[in-house]
Amino acid sequence: MFPAVIDEYHRYDDVDHPIANPYREGSIEHLLYLKNWIDTVQWHLEDLIRDPQIDPVEALVLKRRIDRSNQERTDMVEYIDSYFLDKFKDVAIESGAKINTESPAWAIDRLSILALKIYHMAQEVKRTDVSAKHVEECRRKLDILLQQRTDLTTAIEELLADMAAGHKYMKVYKQMKMYNDPELNPVLYAAK
């Protein structure tokens, strides 16, 4: 689904374009679509803020928007993990079952970002205004990214199958981001 979301974003290529999520709210498809849309918009916000000619006031506005987007991204990961916690809540966990190093949603987060890397590296391979060396280096990087996608997709599928069978279980730890919290960020609570 992620390539389709990224293609949809690039029909407009506008960080302010409203999302048109076609999936039923509460479904895993809805959550994944929203997650990748947030990541795609944030990718382009990160591009904008790196403009060496950016007005400092505009940069600060963008930085704050990126901070909000990071919080939304983390919240979406937690919503997706909640979906999986509910999905596997009745699975009998085997004695000796192991926990994974990351939850399914954090692995999916990496897959979402990887889809963006693949899309943008493929764009570099198609460029005609660069050297053949640039294109070849980008093609080599794209091949590696595609292999990563295969490996990561397989690992996620195996993790979900292991969880469904009770071979593995998940724990979810809230990210507890401190920089946006007026009770935990010293700059914010000092301003009160």
Do side-chain atoms of [X] reach the backbone of [Y] as a donor and acceptor pair under 3.5 angstrom?
{"X": "N21", "Y": "H30", "answer": "yes"}
{"X": "D55", "Y": "E58", "answer": "yes"}
{"X": "H134", "Y": "V130", "answer": "no"}

pair [X]-[Y]: side-chain heavy atoms closer than 4.5 Å:
{"X": "V41", "Y": "S69", "answer": "no"}
{"X": "M170", "Y": "I99", "answer": "no"}
{"X": "P104", "Y": "D81", "answer": "yes"}
{"X": "I49", "Y": "R65", "answer": "no"}
{"X": "I66", "Y": "N70", "answer": "yes"}

Mind jotting down which residue pairs meet the salt bridge (Lys or Arg N to Asp or Glu O under 4.0 Å) criterion with at least one end in [range]? Sequence neighbours excluded, please.
{"range": "residues 100-112", "result": "K35-D109, R73-D109, E102-R110"}
{"range": "residues 138-147", "result": "E136-R139"}
{"range": "residues 2-11", "result": "E8-R11"}

Verdict with supporting geometry, E46 and R50, salt bridge (charged side-chain N to carboxylate O under 4.0 Å, His left out): CA-CA 7 Å; E46 296 280 3; R50 284 169 175 78; 2.9 Å; yes

Let me check something: do [X] and [Y] share a hydrophobic cluster, defined by ILVMFWY side-chain heavy atoms less than 4.5 Å apart, either directly or through other members?
{"X": "I113", "Y": "L111", "result": "no"}
{"X": "I19", "Y": "I6", "result": "no"}
{"X": "L85", "Y": "I93", "result": "no"}
{"X": "V5", "Y": "L114", "result": "yes"}
{"X": "Y23", "Y": "I38", "result": "yes"}

Checking D151 against Q147: is there a side-chain donor and acceptor pair closer than 3.5 Å? yes

Identified side chain to side chain contact (heavy atoms under 4.5 Å, CB included) partner of L62 from the options V15, L48, D51: L48

Checking ring pair (Phe, Tyr, Trp, His ring centres under 6.0 Å) against Y9, which of Y33, W37, F2, Y119 comes through? W37

For D129, all residues meeting salt bridge (Lys or Arg N to Asp or Glu O under 4.0 Å), sequence neighbours excluded: R127

Residue that, paired with Q71, satisfies side-chain hydrogen bond (donor to acceptor under 3.5 Å, both in side chains) out of D75, D67, T74: D75

Under the ring-ring contact (aromatic ring centres under 6.0 Å, His included) rule, what do Y12 and H17 come out as? Steps first, then yes or no, please. CA-CA 7 Å; Y12 309 98; H17 188 79; 3.6 Å; yes

L60: partners by side-chain contact (heavy atoms from CB on, under 4.5 Å), with sequence neighbours left out: R64

About how many Å separate [atom2] of [Y] and [atom1] of [X], when rounded to the nearest 0.5 Å?
{"X": "D39", "Y": "L116", "atom1": "CG", "atom2": "CG", "value": "6.5 Å"}
{"X": "I28", "Y": "D86", "atom1": "CD1", "atom2": "CG", "value": "11.0 Å"}
{"X": "E29", "Y": "L34", "atom1": "CD", "atom2": "CG", "value": "13.0 Å"}

Let me see the working for M76 and L31 under side-chain contact (heavy atoms from CB on, under 4.5 Å), right down to the final yes or no. CA-CA 7 Å; M76 282 308 305; L31 295 172; 3.7 Å; yes

Between L32 and N36, does a side-chain contact (heavy atoms from CB on, under 4.5 Å) hold up when you go through it step by step? CA-CA 6 Å; L32 294 174; N36 189 246; over 6 Å; no

Please work out whether the ring planes of W43 and H120 are parallel, tilted or perpendicular, with thresholds of 30° and 60°. parallel

Other residues, nucleotides, ligands: >12 heavy atoms within 6.0 Å of Y79 OH: no

Which side-chain N or O atoms in residues 152-167 pair as donor and acceptor under 3.5 Å with protein atoms at least two apart or in another chain?
unit_1	atom_1	unit_2	atom_2	d
T153	OG1	R149	O	2.7
T154	OG1	T150	O	2.9
H167	ND1	E94	OE1	3.0
H167	ND1	E94	OE2	2.8

